[in-house]
Structures are given as C-alpha cells and as structure tokens.
2 protein chains.
Amino acid sequence: MSDATREIEALIDLMARLPGLGPRSARRAVLHLIKKRGALMRPLADAMAGVAAAARECLNCGNIGTSDLCGICTSAKRQNGQLCVVEDVADLWAMERGQVFAGRYHVLGGTLSALDAVGPEELRIPKLRERVAREDITEVILALNATVDGQTTAHYIAEELEATGVAVTSLAQGVPVGGELDYLDDGTISAALKARKTF
Amino acid sequence: MSDATREIEALIDLMARLPGLGPRSARRAVLHLIKKRGALMRPLADAMAGVAAAARECLNCGNIGTSDLCGICTSAKRQNGQLCVVEDVADLWAMERGQVFAGRYHVLGGTLSALDAVGPEELRIPKLRERVAREDITEVILALNATVDGQTTAHYIAEELEATGVAVTSLAQGVPVGGELDYLDDGTISAALKARKTF
C-alpha cells in the first residue's frame, strides 16, 4: 500500500474506473492533479460536478445535452428531412466532426445482440419508428458501425422501416481517405472494388 | 466541433490535460462519466474536490498528505535512522509498494538539471542537509532513478553529505526479478556482472 491517505487512495480507485486508465496511470493522473490543484484539479472537479448535475439524454434523439431536448433537435439551422441513425453518442460526435451532415440524429444506445439479450425494445428503435411516422422524414441514413452487430441492427431497421416508404441509406464502404491498400483488410478491398465509381 | 454543449466541451478539454489522456480518450472518458453520472461522475467530482482542498506537501519530507506533516513523518512505527531520498512522490509510493523499507523519506521534487536550470536550491536539498544535521540519521539511501539526471543528482548529494559522516548508499543495479537476460540492455547486464555475488 502506498502512503497516500485514504482520501487520495479513494480518488485513485475512482479514476482507475475511467476507460483508458488503469491503476498505474490513475495514480500518475492523481499525482499530476495534486501538483496542479489550483490550475487543474479544482476546475476539473467543478466542471465534473457541473456536468454531472446538468447532463441528460435528449428525450427526442438520445443525444447528450444539458436540457430535455438537445442542441441539434432544437436547432433551427438543421434540416428536417434527414435522420442519421447512430449507435452511440460518440458516433454522433464523430459524424459532427465530419462537418458535412446538416440533418438530425437518432441515437440507438447500442446494437441488437442476441448474446447480450438486447432486443429492439432495449434500444431506441420504437422511438425511431415513431419519429419517422410523426416527423417529416424523407431519408433515414444508417451510420452504424461496420461490425456484425452494427450491420445486423442496420438490416433490422431497414426492414422495420420498409413499410413506411422512407428512403433508407447507409454510409459507403471503401478505402479510407489517406488509406494505403497494402494495410487494408480483404473485406474492405472487396467492398471498395464492388462499389467502384467512374473516375 | 461536436454537438456537446459548452460545459461538456470544457470538461473534455480539462480531462485531456491529464497525463495519459489525449483529446480522443478524454472524450471517451467523459462520455463514460456522463453515462454513469450517479455511480461514478458525482463521487469522482466530490473526491476530487475533497483532495484538492485537503492535499498538501509535507513540510518535512515533501510527501503528499492531508496535513502539514505526512503519515510517514509522524508515524511512530517507522525507524528514525534511515532516510530514503527519492525524486518524486510517485517514487516514494513505488518504494512503499515494495513493503521493505521501514525508515523515513525525503522527496527532492525533481533532479538537478543544467538544461532546465534546476539547481540544489530548487530541489529539497538544503532541507535534506538540515534534516541530516538535525535528525538522528545514520544512513541516507539514494533511491534515485537510474537516469543521467538521477545519477548526477545522486553524486551531488553524496558529495554534499560527505562531510557529515553519514553513510550514503544507493539502490543496487542488476537484473530485475523475473527479467530475461535477452531483453536487458547492455548497461544493465554489465552492471549486474560487475556487482555479482557468491551464489
């Protein structure tokens, strides 16, 4: 056991529960924080308490914000017709970094998984159906991860929405920008070849 | 820019300043925290605020604790004669995990470095001289890192303390326990051979 007092030990234990930090890096982070108590630790504690108190899931799309409806759902600048379906808020943030999608989002909160007993009701799929029926949606863009679970979920949603007549599209698969062919897996090469375009 | 509101962005920026976390992993950590606001984020914010308010450097040895004198300096169970000199509190914690040293510590707060203009006065070296003169010290154990700066500092301290007559020792260098020779650098092999012992 280290000499750190019980309070510091407790803080290290909590920090070690963050993704990407283990016991050793949590210790290092806490020492760094203690050395910069004024400049970093107090502001961080305040910011964390503030976000813990304010953060909530958007009742409409599942995005995280600080009010019942998130900034994207309430923004007048976003287009209404397109709905981009993502697994997780992190994926929504990734899409937003792309700065090319101007529509609105729908965060599922995971993927269908028979193994983990995650069915459509556990995800925000009924809500998606309701939004497609209620809002003036012309296109649902499935931006799900290119994993087995992600693609299973994509197929399920596409079937679910078939009757509504809404256009269902999905992100293109192919060579990543800046990617080198030699480092790509066979599946990506094959998908990129099948989806080839006139130059 | 992501859609996260300004508060969440500010928290991500602060988290990204922790060692071991970059912008991407800070985002992931903050999302994780927001999902576990009750179970993790609030306790973490509270623990951080508590430590920020309570933590301070021990006036005697430089260790971090929650009062003016740290637990080791005030403990009656620790032996008085031996003083273990370490660069940093992290090194003190590492020594304590070894559970073999029963004396007390002196944390320098860094190493001498001509490049970074760190002289003896910037470190806790005058205080070390004072402790050796005042306390009943029989041995000063230099547990400094086996880096150039660490060893320079060790030599400086050994010279400084020569006149006091106190025994100055340093940690042994050799093959780490569990270490494989094939993976060791030449310097370690050479040091271990020179310091070989009768089996």
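Numbers restart at 1 for each chain; the letters A, B, ... are given by sequence-line order, proteins then strands.
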*Asks:* Would you mind telling me which of A/Gly20, A/Gly38, A/Ala47, A/Ala45 has the largest number of heavy-atom pairs within less than 4.5 Å of chain B?
*Replies:* A/Ala45
*Asks:* Let me check something: do A/Leu83 and A/Leu92 share a hydrophobic cluster, defined by ILVMFWY side-chain heavy atoms less than 4.5 Å apart, either directly or through other members?
*Replies:* no
*Asks:* Nearest 0.5 Å please: distance from the CE atom of B/Met48 over to the CG atom of A/Leu44.
*Replies:* 4.5 Å
*Asks:* Below 4.0 angstrom, N of the basic side chain to O of the carboxylate: do A/Arg28 and B/Asp88 qualify?
*Replies:* no
*Asks:* Verify the cluster assignment for A/Val86 and A/Leu69: are they in a single hydrophobic cluster under the rule of side-chain heavy atoms below 4.5 Å apart?
*Replies:* no
*Asks:* Mind listing the closest non-hydrogen atom pair of A/Pro19 and B/Ala29 along with its distance?
*Replies:* CG-CA, 3.9 Å
*Asks:* Find the one option among B/Gly98, B/Ala52, B/Pro43 whose heavy-atom pairs under 4.5 Å with chain A are most numerous.
*Replies:* B/Ala52
*Asks:* Tell me which of these, A/Leu21, A/Val51, A/Ile34, has more heavy-atom pairs under 4.5 Å with chain B than the rest.
*Replies:* A/Val51
*Asks:* State yes or no: do B/Leu142 and B/Val118 share one hydrophobic cluster built from I, L, V, M, F, W and Y residues joined by side-chain heavy-atom distances below 4.5 Å, directly or via other members?
*Replies:* yes
*Asks:* Do B/Ile64 and A/Leu31 have side chains that get closer than 4.5 Å, going by heavy atoms?
*Replies:* yes
*Asks:* Would you compute the distance between atom CG of B/Leu18 and atom NE2 of A/His32 and round it to the nearest 0.5 angstrom?
*Replies:* 6.5 Å
*Asks:* If you round to the nearest 0.5 Å, how far is CH2 of A/Trp93 from CD1 of B/Ile8?
*Replies:* 5.5 Å
*Asks:* Using modelled atom types and a 3.5 Å cut-off, is there a donor and acceptor pairing between side-chain atoms of B/Arg37 and backbone atoms of A/Ala55?
*Replies:* yes
*Asks:* Indicate, with yes or no, if A/Ile141 and A/Leu161 share a hydrophobic cluster defined by side-chain heavy-atom contacts under 4.5 Å among Ile, Leu, Val, Met, Phe, Trp and Tyr.
*Replies:* no
*Asks:* With only heavy atoms counted, which part of B/Ala54 is less than 4.5 Å from chain A, the side chain, the backbone, both or neither?
*Replies:* side chain
*Asks:* Taking every heavy-atom pair that is under 4.5 Å apart, which of B/Leu40, B/Val89, B/Asp46 has the most such pairs with chain A?
*Replies:* B/Leu40
*Asks:* For A/Ala90, is it the side chain, the backbone, both, or neither that has a heavy atom closer than 4.5 Å to a heavy atom of chain B?
*Replies:* both
*Asks:* Got a second to check how far B/Met41's CE is from A/Leu14's CG, nearest 0.5 Å?
*Replies:* 13.0 Å
*Asks:* Sort B/Met95 into side chain, backbone, both or neither according to what part of it lies under 4.5 angstrom from a heavy atom of chain A.
*Replies:* neither
*Asks:* Taking a hydrophobic cluster as the set of Ile, Leu, Val, Met, Phe, Trp and Tyr residues connected by side-chain heavy atoms closer than 4.5 Å, whether directly or through intermediates, do A/Val140 and A/Ile72 fall within one such cluster?
*Replies:* no
*Asks:* What residues of residues 101-108 of chain B sit under 4.5 Å from chain A when only non-hydrogen atoms are counted?
*Replies:* none
*Asks:* I'd like to know if the side chain of A/Arg42 and the backbone of B/Ala49 have a donor-acceptor N/O pair within less than 3.5 Å.
*Replies:* no
*Asks:* Quick check on A/Lys36: does its NZ atom have over 12 non-hydrogen neighbours (other residues, nucleotides or ligands) under 6.0 Å away?
*Replies:* no
*Asks:* Is chain A contacted by the side chain of B/Lys35, its backbone, both, or neither, given a heavy-atom distance below 4.5 Å?
*Replies:* side chain
*Asks:* Show every salt bridge (Lys or Arg N to Asp or Glu O under 4.0 Å) that has at least one partner inside residues 175-187 of chain B, sequence neighbours left out.
*Replies:* none
